[in-house]
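To start, the structure under review is shown below, and the notes come after it.
In each ligand, atom 1 is the first atom listed, and ligand 1 is the first ligand listed.
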Amino acid sequence: MAQDAMKEKVAEAALAYVEAGTIIGVGTGSTANKFIDALTAKKDAILGAVASSNATAERLTANGIRVIDLNQALREVASLAVYIDGADEFDPARCLTKGGGGALTREKIVAAAADRFVCIVDQSKQVQHLGAFPLPIEVIPMAEAPITTAVRQLGGEPRLREGFITDNGNIIIDVHGLVITDGLALEDQLNALPGVVTNGIFAHQRATVILMATPEGVVTL
Ligand code: 5RP
């Protein structure tokens with residue numbers, strides 16, 4: 001099965017986690033886009049969706065799905081029922097790296113506001129240790145130089161994502177060459193650097209469930 005078809009299958013499987021009468025969080029990227037398209041069939045059953053990026057908000061709106069600002073949503077409900085999003089990598093502990101699309105900060109905020117995080121991936125995202133996919137860090141522009149230095153001291157090879165500005169008006173530094181064995185510790189260590197908005201390790205906000213598409217079907221991990 002082609003990768004695109006696998007993304008469609010796993011996006012459809014995620015619909016089983018969408019309960020009527022709830023507000024859900026929706027991620028960003030090509031797999032999340034497939035989910036938005038599948039969600040159109042259930043759009044009248046849910047109260048609406050909180051988007052993790054401007055691009056996702058636009059696609060939800062184009063599909064006739066009500067987009068709700070997170071702060072407004074949390075005045076209507078105590079928490080989002082579920083957050084559904086893709087990932088760049090996942091490890092055996094369901095820790096993730098995310099941010100290939102540059103939406104990591106809003107993705108982490110929405111994931112943290114949800115009761116469950118259902119991560120939808122194809123089998124190419126499965127790894128033993130996170131880090132082969134360059135780790136994105138969203139950085140306030142004036143802090144580029146000190147954070148570049150700090151990342152080198154941690155053993156990574158930082159590269160500015162050229163020509164890219166996040167929805168929040170910041171830059172992304174992609175860190176190559178990491179082998180992440182303690183995701184919780186590195187997530188905290190990077191977030192403690194002044195000027196880091198957030199980094200793409202989702203260990204604190206790891207997936208509750210991973211739905212992984214394979215050529216034989218969707219596997220729940
Ligand atoms: C965007 C993300 C995406 O979830 C991640 O990049 C995976 O994208 P895709 O589904 O296109 O492979 O974190 O910031």
Enumerate the atoms of ligand 1 whose separation from the nearest heavy atom of T28 is less than 4.0 angstrom.
1 (C), 2 (C), 3 (C), 4 (O)

Rounded to the nearest 0.5 Å, what separation is found between the OH atom of Y83 and the OG atom of S52?
4.0 Å

Under 4.0 Å from any heavy atom of D85, which atoms of ligand 1 are there?
4 (O)

E76, CD atom: more than 12 neighbouring heavy atoms under 6.0 Å:
yes

Under 4.0 Å from a heavy atom of E107: which atoms of ligand 1 are those, numbered in the order shown and with their elements?
1 (C), 2 (C), 13 (O), 14 (O)

Which atoms of ligand 1 are found less than 4.0 Å from any heavy atom of G101?
1 (C), 6 (O), 14 (O)

Would you call R161 and D174 a salt bridge, taking side-chain N to carboxylate O under 4.0 Å as the test?
yes

Pair K9 + D122: basic N to acidic O under 4.0 Å
no

May I ask you to check if ligand 1 and G99 share an N or O to N or O distance below 3.5 Å?
yes

What's the separation between atom CG in L39 and atom NZ in K34, rounded to the nearest 0.5 Å?
15.0 Å

Nearest 0.5 Å, please: how far is CG in L154 from CG in L135?
10.5 Å

Just distances here: any N/O of A32 and N/O of ligand 1 closer than 3.5 Å?
no

Please indicate whether any nitrogen or oxygen in A103 is less than 3.5 Å from any nitrogen or oxygen in ligand 1.
yes

With a 4.0 Å heavy-atom cut-off (strictly under), which part of S53 contacts ligand 1: side chain, backbone, both or neither?
neither

Check if G27 has a non-hydrogen atom at a distance under 4.0 Å from any atom of ligand 1.
no

Using only atom types and a distance under 3.5 Å, with no angle test, would you say the side chain of E187 pairs donor to acceptor with the backbone of H204?
yes

Which residue and non-hydrogen atom of the protein lie closest to atom 6 (O) of ligand 1, and at what distance in Å?
D88 OD1, 2.6 Å

Does CD belonging to E19 count more than 12 external heavy atoms closer than 6.0 Å?
no

d(Q189 CD, N191 CG) to nearest 0.5 Å is 10.5 Å

Can you list the ligand 1 atoms lying under 4.0 Å from a non-hydrogen atom of G102?
14 (O)

What atoms in ligand 1 come closer than 4.0 Å to a heavy atom of K125?
7 (C), 9 (P), 12 (O)

Does the distance from a Lys or Arg side-chain N to an Asp or Glu carboxylate O, for K108 and E138, drop under 4.0 Å?
no

What atoms of ligand 1 come within less than 4.0 Å of a heavy atom belonging to G86?
4 (O)

Taking only heavy atoms of S30, which atoms of ligand 1 are found under 4.0 Å from at least one of them?
9 (P), 10 (O), 11 (O), 12 (O)

Where is the nearest protein heavy atom to atom 10 (O) of ligand 1: which residue, which atom, and how far?
T31 OG1, 2.6 Å

Of the protein's non-hydrogen atoms, which lies at the shortest distance from atom 4 (O) of ligand 1, and what is that distance?
K98 NZ, 2.9 Å

